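Each chain gets a letter, A, B and so on, in the order the sequences are listed, and its residues count up from 1. Note that this is a predicted model, so its numbers are computed, not measured.
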Number of protein chains: 2
Amino acid sequence: MAVRGRPRGFDAEAALDRAVEVFWRQGYEGASLTDLTEAMGINRTSMYAAFGNKEELFHRAVARYAEADMAYAREALTAPTAYEVVESFLRANADALTRADRPSGCLSVQGALAEGGDSGRIARFLADSRLAGERALAHRLARAVEDGDLPAETDPHALARYVMVVSEGNAVHAAAGATRAALHATVDIALRAIPRIPAHAAA
Amino acid sequence: MAVRGRPRGFDAEAALDRAVEVFWRQGYEGASLTDLTEAMGINRTSMYAAFGNKEELFHRAVARYAEADMAYAREALTAPTAYEVVESFLRANADALTRADRPSGCLSVQGALAEGGDSGRIARFLADSRLAGERALAHRLARAVEDGDLPAETDPHALARYVMVVSEGNAVHAAAGATRAALHATVDIALRAIPRIPAHAAA
DNA sequence: CCTTTTCTGTACTGTTCGGTACTTAAGTCG
DNA sequence: CGACTTAAGTACCGAACAGTACAGAAAAGG
């Protein structure tokens, strides 16, 4: 071990958690370094020393968000049937979008949509990360088609895209103040579009 | 008439149209006055004289957007059946989100999501205007329930919210570069969730 | 014609932005 | 104890931001 110089006076992980909240609430451009460092409880220079710059801090924040606040998405993929995968994902998503101890909405959707200035790169980065989730879901649904768990004519990519559209639309609604119950009511309706095998292929 | 001073040297409506595009592409905060006035082809002071300030310009831009670029939404409400209302809206929405001669996505969704700084008021304003559309659709669907055009147990507000969620989710996807075909494939699936009367009540 | 009224253009205001020298503090190593 | 290494804090940088004072230009009213 043997760290040489003066030891760091703050917990970088904890500071990153605070940064996640600020980016989540205010978006990439809306979060100033002053906002961020005040919330993180550290100095400007300490942030640059620990994370590089604002954009790298944002990347770290999104990574931490994906790991901690979107764990439900990876978990949903392990459900036994395609329908349960989708329902589990959309239910947990609706809950995550309306947690009392967290900002409303989704960091990935709210972080940046417009393309002005630096935000172009940021928006593309976030879009790519959302697309990665969509692809993972499509892969899981493709397996369901192979398994006969979804009708053979189902397009898994289109279905995955539909599910992501519902979750992103709900994120927009949540950011605008929709209640958890409202999001779940939307999920109730959205699930009607998920095809189900007439229940005779099951073991 | 008899206008007294020096006549205005530009077409305010045309200039507003240019401003709509800039706000659409870059969002409220992402669009600087320099960006705006350059696109509008007018001077900074001329903009302030004609529109007041950036926020009032934005309000005017959104009003013009709603009038011109969202006319399809009002038109969709006049379709004969609830299903046709929803389908017409979502199809026209998918087309509007991917017009070659316009920015991708939706000004109302992209304009502001984060809440930092002034954007709080802007985000709330846009959320309210989206909600107005949702209410208009809910009103139309409530009439459909009364008419027996939708099942009696249908919650028109929940259904309207679902339709708006799909359109907003598609807007997020379109802003991220999704193709028109992809949006329509999503609409194909989304429409499966719209209840239809078993087709015997029709005249 | 000259005054009045309104618009245009330049040049500026104060503030905030992300990022950074540079000094001071707090540790380990010899 | 110094010597070295790294973090923390202050005070600043140039650039960009929204908004404006002011001088000149173009029309109508008299």
Side-chain angles (χ1 to χ4, degrees), chain A residues 1-16 18-19 22-23 25-61 111-112 114-123 125, chain B residues 1-16 18-19 22-23 25-61 111-112 114-123 125:
Chain A
M1 276 303 162
V3 275
R4 286 279 295 242
R6 173 176 175 172
R8 182 176 283 159
F10 61 95
D11 180 350
E13 293 287 298
L16 189 56
R18 307 287 193 82
V22 176
F23 279 129
R25 222 178 296 270
Q26 302 179 207
Y28 177 74
E29 299 227 294
S32 74
L33 278 183
T34 305
D35 295 334
L36 289 163
T37 52
E38 276 182 3
M40 297 164 88
I42 65 176
N43 203 280
R44 221 177 176 72
T45 38
S46 300
M47 192 285 282
Y48 277 94
F51 299 100
N53 60 24
K54 187 184 179 184
E55 190 163 351
E56 287 183 40
L57 174 65
F58 184 70
H59 280 88
R60 291 280 301 273
E115 296 176 12
D118 310 323
S119 283
R121 210 169 43 251
I122 299 293
F125 163 69
Chain B
M1 273 305 158
V3 277
R4 287 277 295 239
R6 172 175 175 173
R8 182 175 285 159
F10 61 95
D11 180 350
E13 294 286 298
L16 189 56
R18 308 288 192 83
V22 176
F23 279 129
R25 220 178 296 271
Q26 303 179 204
Y28 176 74
E29 301 228 294
S32 74
L33 278 183
T34 304
D35 295 334
L36 289 163
T37 52
E38 276 182 4
M40 296 165 87
I42 66 176
N43 205 281
R44 221 176 178 72
T45 35
S46 300
M47 193 285 282
Y48 277 94
F51 299 101
N53 58 26
K54 187 184 178 183
E55 190 163 352
E56 287 182 41
L57 174 65
F58 184 70
H59 281 89
R60 290 280 301 274
E115 294 177 12
D118 310 324
S119 284
R121 211 168 42 252
I122 300 294
F125 164 69

Inset, instruction - Could you encode protein contacts along nucleotides 6-19 of chain D as a string, one character per nucleotide from 5' to 3', using B for base contact, S for sugar-phosphate-only contact and - for no contact, with a heavy-atom cut-off of under 4.0 Å? - result: BBSBB------SBB
Inset, instruction - Any salt bridge (charged side-chain N to carboxylate O under 4.0 Å, His left out) involving residues 46-61 of chain A? Give me the pairs, sequence neighbours left out, ordered by first then second residue. - result: Glu55(A)-Arg121(A)
Inset, instruction - Quick one: list whatever passes ring pair (Phe, Tyr, Trp, His ring centres under 6.0 Å) with Tyr48(B), sequence neighbours left out. - result: none
Legend entry - Interatomic distance, Glu38(A) CD vs dC17(C) P [rounded to whole Å]: 10 Å
Legend entry - Residues that Asn53(A) engages under side chain to side chain donor-acceptor pair (under 3.5 Å), provided they are two or more places apart: none
Inset, instruction - Take atom CZ of Phe51(A) and atom P of dG19(C), then tell me their distance rounded to the nearest Å. - result: 14 Å
Inset, instruction - Output all residues satisfying side-chain contact (heavy atoms from CB on, under 4.5 Å) with Arg8(B), sequence neighbours left out; order by chain, then residue number. - result: Phe10(B), Ala12(B), Ala50(B)
Legend entry - Listed partners of Thr37(A) passing side-chain contact (heavy atoms from CB on, under 4.5 Å), at least two apart: Met47(A)
